[in-house]
Amino acid sequence: MGHEEELEAYRSQLLESLNSRPEIRSWSDPIQVYVNERRVGELESAGIGAMLQVQCVDHIETVQLRAEDGTLLGGLTAPECGYRTDRVRLSADTVELSVHNLAQGGTLSALFTPAPSFWSRAWKSIADVTDRVVARRPEPALAYGMRTVAFTQALLAIAVVGLVADRITTGRTSDRTPSPVVQTATLSPAPAVDMAKFEQQLGELARMQAKVDDALGSQQKGVVQLQQALVKLSSTQESFESNVLTVREEIEKRLETVGRETDRQTRQMASRGRVEQEQLEAAIQNLTADNHRLAKEVVSLEEYNQVLKTKLQTAVASASKAVDPSPERLLKMADSLQATQQQMPFLFWVTFSDGTSQESIDKWVYEMQGHKGAVSEGWQEVRIVPPAVPPDRFLEQIRGEKIVKAARIGQ
Amino acid sequence: MALTRMHNTLSKSHVMADRMVTVNRLEEVVSTSDEFDQVVSQALPMLLDRATGYTKRFLRETGQWNDDIEHEKFALRWGSEYLERFLVCGRSEVPCRPLFLFDSLVAKQHSKPEPFCYHPDLLRPLGRFLDGLVARAVVSRDALIALYHHSYGWGAGDVIAVTGLNGLESQRIYKNFRRWRESGWQRTMDEVGLTKAELAELGHQQQRQRQRFNSEAERLIRVAQAHYRKSEPDHYPCLSRSQWGDMFAQGYGCDYRIWHLALCLDCMQTAWGLGSSGSLTGEKPRLELQVRP
Ligand SMILES: [Zn+2]
């Protein structure tokens, strides 16, 4: 064959393949989506609705939809600024493409809508499953089950919704978005078989979901425990700011780590393609282990809290005399201080609200099991047995009394 | 004799006249997608020649042209590629004048830094085979998966083990293999214009000069992979062994693994053994180019 003929044969071949339009059938395989000739994701399309959203830092020039074998199914070219929408028909199914280009970049949303079919029968049970998930995590932008990936250059982020057996989505980007769903392996012309398989998978999915729920529940319990510990800590340490701050920072740090951990595991669990039962169980074991770890952390935090409390009391009691702030020294001082405090009465000075009768003053002192001392410039000295709470806390309490106008320790 | 010649001249001028009509029609405004399809589908040969002509000119002007059949084929291949995109995407541009839209689409392609993977060695049969394979892998998942077979001689089970896939994802791999064997491979060979004779010759070399064949193939596939990897999602760069390890161990990045490992010989070496669950504990894989699917 001469070059001329070879070339002509090649040309005819190319023309022939250009002439033959893609085979019309129901697309049971995922549809590959390309933006500016880069692959950005896929639309799961086995008879179910699916949606793909893509954000680009560059303008979207072209969008292409391709079958797994590479056949170009449809696409559009978009204007530099503004909107372009198009509906690509694939047999009875449709993909609605919508591009919005702005000066800062573009967004694409591709919505796959299958031809109405027996699948609609399954909607209800699917909705039950998804509703449970939706109830758990309401934030739509980054709910787990969506794959969100940061792109380094051209593409900023892509989020895939509407997934497969073990991928459950929670986000609904628009009202038109069909419920996120479950996909069986193939949509064959034998619906009865498929239906049975589908229902079975749906059952499995529900069970899996329940497990995930449990795991998440216990994980969240751990977080709640930590939060309680945090609340307890901060309520008892108001007057020892610096130490409290350290603890709080530490707790927040841990909470953050735990939160991130929870979040990461959650998202990973949901978005991880087709999770098998075993993998799921392993993940749950991990969560349980994490929970144990959390519980231990709470205990140790509480222990630390006790230590701090002791330090706090002694440090405040000796605040005026303390010269050496080292904790060991403070503790020693606390011991001796406590010993002396037991023998010495606690002195403080109060003034009373205008019009308070002497009788109610006496009654008040009596109720405190105290004794009146000197009176100086309207201030009454009161002696009591050392209070259980730190002095300034005690003064706060006193000041809160109805008849007390002011209270202080020194003269 | 004279009659035949006259007839030929007549039909030739008839063709010319037809062509003028087609061109004129393409310059007019079409206002619906259906009208677009109709007008354009009648003008495919003319549009193919037009796109091929532009591509030749581009190659000439960028110093990449040679007067030989390889370059002619290359220009035809890309002309057809542009035309395919025009057929599918152009219909969303209505109302428009198809001819001008077509010209601008081709011009836009050629204004890119690297509109296609050009390398003189990729124009010869082995290069064309590899270029076609890798180029197709970018747009077809079947071809992507088949790339594992063509590069290392693996079957579906090996691919699943190496990339560490799970149940459902595996089913898809078997389907990819089947479709590739049934039609994908032939279609790709047709697309790059590899003749039966050329394919037979490649098969010969593969059998007889195995080492030379494979080392040449490795050199060329690296050129193609480096070019086409740019079509991968941007967030799929090369990774270190520990990064790959994390991904395999934690079971995420399924897509990442499939895409990148098929298109990167080096990362395949780096990530070797991470997903194989003991079944593939041999030496690191070397390129063993397979011509047939
Ligand atoms: Zn790599």
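The chains referred to below are lettered A, B, ... by the order of the sequence lines, with proteins before strands, and numbering in each begins at 1. On a predicted model such as this, the values are computed, not experimentally measured, just so you know. For the numbers below, each heavy atom of this structure counts, side chains included, while hydrogens, waters and symmetry mates do not.
- No donor-acceptor pair under 3.5 Å is formed between the side chain of B/R77 and the backbone N or O of B/E191.
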Below 3.5 Å, can you tabulate the donor-acceptor pairs from side chains in residues 42-49 of chain B to any protein atom, sequence neighbours excluded?
unit_1 : atom_1 : unit_2 : atom_2 : d
B/D49  : OD1    : A/R11  : NE     : 2.8
B/D49  : OD1    : A/R11  : NH2    : 3.3
B/D49  : OD2    : A/R11  : NH2    : 2.9

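- Contact of B/E81 with chain A is made through the side chain alone, with heavy-atom distances under 4.5 Å.
- The residues B/R97 and B/E35 are annotated as not salt-bridged, no charged nitrogen and carboxylate oxygen being separated by less than 4.0 angstrom.
- The candidate from A/L65, A/D86, A/L15 with the greatest count of non-hydrogen atom pairs under 4.5 Å with chain B is A/L15.
- Within the 4.5 angstrom heavy-atom criterion, no atom of A/V88 approaches chain B.
- The pair A/E68-B/R179 meets the salt-bridge criterion, since a charged nitrogen lies less than 4.0 angstrom from a carboxylate oxygen.
- Residue contact with chain A, scored on non-hydrogen atoms closer than 4.5 Å, involves the side chain of B/E198 exclusively.
- In this structure, chain B has heavy atoms under 4.5 Å from both the backbone and the side chain of A/E37.
- With a 4.5 angstrom heavy-atom cutoff, B/R187 touches chain A only via side-chain atoms.
- Proximity to chain A is limited to the side chain of B/N176, based on heavy atoms less than 4.5 angstrom apart.
- Neither the backbone nor the side chain of A/E4 comes within contact range of chain B; no heavy atom of the residue lies under 4.5 Å from a heavy atom of that chain.
- Salt bridge present: B/R141 and B/E169 bring a charged side-chain N and a carboxylate O closer than 4.0 Å.
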*asked:* Go through it in stages, so that I can follow the logic: the residues are A/R84 and B/E93, the test is salt bridge (charged side-chain N to carboxylate O under 4.0 Å, His left out), and I'd like the CA-CA distance, side-chain angles, deciding distance and then a yes or no.
replied: CA-CA 9 Å; A/R84 169 131 319 150; B/E93 293 268 10; 3.0 Å; yes
